Structures are given as structure tokens and as C-alpha cells.
Amino acid sequence: MSLATTTVGLAAAIAVVSGVRTSSPLAVLLTAVAVAVGALVVAPLLRPVARFGGAGAALLSGIAAQLAVAWAALAYVPGMHVESGWSVAQVLVLTGLVMAAGRWLWAGPGNGYVVDGVVRRARRAASAAGRPADDPDRPAGLLVVQLDGVAAPVLEQAMEAGLAPTMQRWVVDGSHRLEPWWARLPATTPASQAGLLHGDSSTIPAFRWWDRELGRLVVANHPADAAAIEAGLDGRDGLLADGGVAISTMFSGGAPTGFLVMSRTGRRRGLGPGQGYLRFFTSPFVLVRALTVTLGEMAKELYQARRQREHGVVPRVSRGGWYVPLRALTNVLLRDLITSIVAETLARGAPTVFVDLVDYDEVAHHAGPTRPEALRALEGLDGVLGTLERVLAWAPRRYGVVVLSDHGQSLGATYEQVEGRSLLDTVRELMAEPDAPGVTSAGGEDFGPLTMLLTRLVGPPRRGGAVAGPDRQAVTSASSAGPPEVVVTGSGNLGLVWFPRHGARLTLEDLQELHPGLVAGLAGRPGVGVVVVDTRDRGLVAVGEAGVRLLEPVRAGSSALVDGTDPVLGLGPRAAEDLARAGRLPCTGDLMVVSAVTPSGHVHAFEGQVGSHGGLGGAQSWPFLLHPVEWAVEESDRTDVAGRRVLVGAELVHAHLMRWARSAGVRR
């Protein structure tokens with residue numbers, strides 16, 4: 001089948017490109033055979049290049065090898081004639097286009113073509129060893145596939161719609177069990193993945209945050225910051241130690257070998273990691289087809305965005321600019337490359353493999369978590385699982401497959417769409433003096449009842465007083481040197497606010513003295529659900545539009561938890577517990593803001609995202625865990641959440657993954 005499709009693609013390309021001619025159909029067939037054989041011969045010769053040059057060298061040498069092999073075949077096969085290298089390049093591109101179109105018309109199974117060569121080699125190796133397909137006597141292994149951002153209810157919806165047939169088959173056949181788990185605040189990839197891989201997320205308050213000691217913003221998906229975050233994790237027993245492999249992850253999980261691992265970008269780790277990319281880059285037409293389909297994905301995104309605008313779909317956000325090529329790269333080229341690397345890793349028998357697939361998460365941020373294009377992206381990820389099944393049948397290990405997500409996503413108009421301004425602009429306005437012209441005063445009668453509650457809680461503000469507490473300095477907003485006056489970041493519908501010119505975290509009393517209307521005014525905004533702030537004597541408090549709740553009653557020494565209307569009502573189950581934990585994470589903001597949550601579970605991201613995660617509300621806190629039935633979840637580790645007995649926190653999921661890995665014999 002591979003030879004036939006290649007021959008048809010070559011014939012179509014040769015018919016179009018004027019610089020290439022043939023005298024017979026047999027010559028085209030021989031050219032297809034020559035290209036396939038040439039690739040097999042050349043690939044081993046490039047391994048030293050990839051070993052010492054890494055992924056970049058593998059890419060460049062692979063493309064050069066494809067051009068050289070195709071040029072030699074077109075030039076020396078009897079009955080073929082080629083005029084230039086440019087003609088060879090055109091033939092490669094057009095052949096890939098025809099093959100991609102043919103697979104689409106034939107409704108071929110996803111990106112299975114990227115593992116054809118791996119499956120053939122694995123089958124030959126198994127045959128040489130006298131091992132049948134799915135041999136039950138093989139040593140065990142563990143494959144963990146993370147589908148980034150997929151909520152448990154969304155996966156269930158996709159299964160019912162027939163968009164996740166592979167996972168649905170596993171559940172129906174009884175080999176796997178699907179259940180939700182609870183992602184604690186912050187419901188972000190850095191926090192959840194650190195918990196899943198390292199068993200520790202206690203140093204990660206958001207996706208990006210201000211570090212007072214470093215005096216700068218830390219962003220989790222920057223390589224240097226990711227490396228520093230991983231170095232500071234308390235987990236001592238990474239999931240992927242003892243020979244595991246991390247693929248397309250933010251952190252390494254202790255793996256000696258990693259591909260596309262953010263925390264190891266720019267660092268040489270593992271044995272020749274560049275070789276893992278080589279098969280993909282040297283396979284005839286695989287890279288070309290992936291690039292061709294990538295361009296088609298860009299066209300599809302432009303059409304789908306226009307369709308949303310024409311049909312007046314709301315809520316929605318802009319889907320132009322950098323997002324168009326980014327979606328195409330993650331949904332096609334990167335996914336094909338990752339699938340190829342995972343297949344190679346499984347065929348070589350790595351004991352434990354963890355891979356993160358981000359396609360759905362990226363699309364859902366801009367289209368919405370249950371919109372058609374997002375569900376189609378999820379369908380593509382299910383297709384990847386089906387593709388990997390072909391490799392698993394012939395792999396030297398009998399892999400147990402666990403599929404999970406790190407968080408979900410929640411739909412909703414952005415905070416800026418609701419308020420008409422960003423969270424930063426809101427904070428700046430509320431910091432201004434009450435009598436400043438053109439500025440709405442946070443201390444006016446609109447917030448009178450809430451201001452009285454805060455006064456009853458911490459006493460009246462002392463205007464112009466010094467900021468209390470050790471190592472704190474009263475720095476006015478007129479200071480010109482040093483760090484910025486205020487820093488505001490958004491991680492989905494979780495917002496954090498810092499005042500970096502102060503040496504330590506400010507309390508509610510400090511803020512009442514420095515900016516008397518800030519907390520009450522912020523809590524009273526329609527787009528804000530709750531503001532969490534520390535106090536000098538009563539611990540963390542949650543401030544809402546019409547009430548205050550103590551989040552640490554034991555610390556406060558008070559039995560009266562709520563004054564006024566409980567501000568955490570409507571934010572979902574475990575809101576108080578999650579806010580109390582997140583409010584004590586190192587480097588968390590002086591103010592922690594969670595957006596309002598509508599009765600239908602919609603939230604308001606502090607970023608330009610119609611589907612978001614990071615805070616509370618909706619499906620974002622409900623990721624899923626799909627695991628083999630023989631690997632049970634301990635009942636004693638479950639907690640009651642909204643009428644369900646579930647695991648709470650990525651650290652507990654990590655503990656179960658470790659337990660399953662040990663039972664399989666792949667971890668000491």
C-alpha cells in the first residue's frame with residue numbers, strides 16, 4: 001500500500017512538473033522503489049550527525065538526504081529525466097500533497113503513515129525473535145499519554161459523538177476505566193504536570209508570576225525558568241527515573257532521555273537525542289506530507305474563524321495573527337513528529353514513556369472547549385492513540401496505557417469583554433486617589449457595605465501610615481527607580497497582583513492604608529468573583545461583592561467564618577479549600593483574583609481566551625484519568641467532591657502512577 005500510494009503521488013507530480021519527464025509507467029514504479037531503498041540506506045549514515053548535532057542537525061541532514069535520494073532516483077532510473085534540483089523539490093512537495101489528499105479522500109486513519117516504517121521494523125524484529133503479536137510473555141512497560149486541557153465531561157461528550165472511538169472501545173471492551181479527578185488551584189499545565197511527573201506542585205502559583213527574590217517575572221514555558229522550577233521541586237522520585245523517556249513535556253520527570261522537554265531545552269541530555277528525530281526527517285515524503293497538511297490546517301483555521309464571525313457565535317475572541325500558524329504546527333507537524341518519536345521509543349522498549357499532546361488545548365483556548373473545531377482536534381488525538389496501538393502490538397514490552405489530562409477548560413467571555421478594560425487597567429484605576437478627575441472612586445457609596453465589612457475585619461485605614469511587618473518599606477507610587485509599581489498577570493481566569501516595590505507580601509491592612517478602595521473596588525467589579533488577601537491577625541480572607549470569608553479559621557481563632565454573603569458560593573466545590581492552599585503558595589500575589597462564575601459555569605479569562613483554565617468554575621477543574629482496570633485507584637485515597645469519590649490533586653495521581661509502575665516492574 002505504501003509503495004502504491006508513493007507511485008501514484010510520483011506519477012501525478014511528474015505529470016505536472018515540467019522539469020521532470022518519464023518514458024514509461026514502469027519507470028515511475030522503479031523510482032518509488034529506489035526512493036524507499038535509498039532512504040533506508042542513507043538513514044544509518046546520518047546517525048552520527050544527529051547524535052552530535054541534535055534535532056537541528058537531524059532536520060537539516062534529513063531534508064538534504066530526501067532531496068539527494070529523490071534526485072538520484074529521478075536522474076539514474078532508466079526512463080526518467082530530471083533537469084534541476086528545483087524540479088526535484090517540486091516533485092517532493094507535489095507527491096506529498098497528492099498522498100495527503102488521497103489519504104483524506106480514502107478516510108485514512110489519522111497520521112498512521114508516520115509509523116509505517118517503525119511498525120515494519122518492529123514486526124521483523126518480533127518475527128526474528130519468534131515473538132507473536134501481542135505476546136503476553138513480554139516484560140511490562142508503562143505509557144502515559146497526556147491530552148492537554150481535555151475535561152472529563154468533554155471526553156465523555158466526544159465519546160458519545162463518535163469522535164473518540166479508540167478510547168471508547170477501551171472502555172466498552174472493559175480494558176480501561178474512565179474517571180474524573182480534581183485539579184486544584186491553579187489549574188494550569190505547569191502545576192499539574194509538575195505534580196504528575198514529580199509529585200510536587202507546591203512552588204507553582206500560576207502560569208507566570210513575579211518572584212520578589214529574583215526581581216522579575218517567571219514564565220513557566222520559558223526554558224530557563226522551566227529548568228529553575230524543576231530544580232526547586234521537592235519531589236525526589238520522578239515518574240520517569242530508571243530509564244524513562246519524556247516527550248513534549250514541560251518538565252522531565254527525572255527521565256535520563258527527553259525530546260522536546262522545556263526544562264532541558266539547550267541542554268544535552270540522554271544518549272544521542274537527535275537520533276530520535278532522524279527517522280521522521282529522513283522518511284520519504286513523511287515530512288513533506290506533514291508540511292503540506294500543515295498548510296491545509298492554516299486554511300481550515302481561517303475558514304472556521306470566519307464562520308464563527310459570520311454566524312455571530314458568542315463568546316468568541318480574535319483568532320488571527322500568530323495563532324493561525326501555531327495551530328497548524330501543533331495540530332499537524334508537531335503532532336506527527338511527536339507520534340514518530342513515541343513510536344520509535346516504544347519500538348526500542350523504553351520502560352516508561354510520558355508524552356504530552358497539546359493540540360486540543362491550543363484550539364480550545366481560541367475556539368471554545370466544546371466547539372466543533374476543538375472536538376475535531378480531540379478526534380485527531382484519539383487517532384494518535386489508534387496509531388500507537390499498531391506499534392504496541394509489536395513492541396518488545398507489553399505496555400499498560402494510561403491516558404489522562406492535566407486540567408479541563410471552561411467557556412466564557414473574557415474579563416476585558418465584560419468590563420471594557422483589562423485587569424491591569426482596573427487595578428491602576430482603583431489605586432488612584434478617590435478625588436482624581438475622571439476616575440471612579442472605589443471608596444464611594446457603591447462599595448460602602450463592603451468597605452464597612454473590611455473595616456470591621458481589620459479596623460479603619462490609617463492614611464499615610466507606614467506599611468507594617470518585617471523588611472517592609474513604604475514606597476510611594478511616585479518612586480522612579482527600582483521595580484514596577486504594580487504587576488498584574490492572568491492565568492486563565494486566575495489573576496495575581498503584586499506590588500514589587502515592597503519587600504514582602506502586603507496584607508489587607510497595608511493595602512487599606514496605601515490604596516483604601518482597591519480591595520473593595522476590585523471585589524465589586526461584575527467580572528470578579530472573589531479577591532483573596534492575607535491579613536495580619538486573621539489569616540487569608542476571601543472578599544466578595546457583598547461579604548467576607550475567613551479561609552483559615554483555626555489560624556484566625558474565630559468560629560465566625562462568614563460576614564455578609566459567602567463570596568466563594570458559586571465558585572464550585574472545594575473553592576474554599578483550594579483558595580486557602582493557593583493563597584499560601586510561595587510567590588503568590590499580594591492579591592489573588594478569581595473571575596466571576598456564571599450559573600452555567602462560564603468564567604471570564606484575564607487573557608484573550610474564550611476557553612480558559614487556571615482558576616475556579618466550570619469544567620476546568622475536572623480532568624480525566626483513563627487507566628487499565630487491573631490498575632485500581634485506591635478507595636482510601638479518594639475524596640468526596642460534588643457527590644463523587646475522586647482523587648484530589650495531581651500529586652495523588654502521581655502516587656498512583658508510581659504504584660502502577662512498580663507493580664509492572666519498571667520502577668524500583
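Computed from a predicted model, the values in this text were never measured in an experiment. One-based numbering along the sequence shown.
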### Task
Could you check whether the rings of Trp322 and His366 sit parallel, tilted or perpendicular, using 30° and 60° as the cut-offs?
perpendicular
### Task
Measure the acute angle between the ring planes of Phe251 and His198, then classify it against the limits of 30° and 60° as parallel, tilted or perpendicular.
perpendicular
How about [X] and [Y]: does a side-chain donor come under 3.5 Å of a side-chain acceptor?
{"X": "Thr189", "Y": "Asp148", "value": "yes"}
{"X": "Glu389", "Y": "Thr166", "value": "no"}
{"X": "Gln304", "Y": "Arg371", "value": "no"}

### Query
Does atom CZ of Arg376 have more than 12 heavy-atom neighbours from other groups under 6.0 Å away?
no
### Query
Does a salt bridge link Glu373 with Arg307, judged by any charged N lying under 4.0 Å from a carboxylate O?
no
### Query
Is the closest basic N to carboxylate O distance between Glu297 and Arg335 below 4.0 Å?
no
### Message
Are the side chains of Ile247 and Ile338 in contact, using a 4.5 Å heavy-atom criterion?
### Response
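Ile338 reaches Ile247 side chain to side chain.
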### Message
Using side-chain heavy atoms (C-beta onward) and a distance below 4.5 Å, is Phe207 in contact with Glu607?
### Response
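They are not in contact (no side-chain heavy atoms under 4.5 Å apart), so the answer is no.
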### Closest contact, heavy atoms only, Val88 versus Ala70
CG1-CB, 3.8 Å
### Task
Applying side chain to side chain contact (heavy atoms under 4.5 Å, CB included) between Val245 and each of Leu240, Leu143, Leu346, Thr345, report the one that passes.
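Exactly one candidate clears the test, Thr345.
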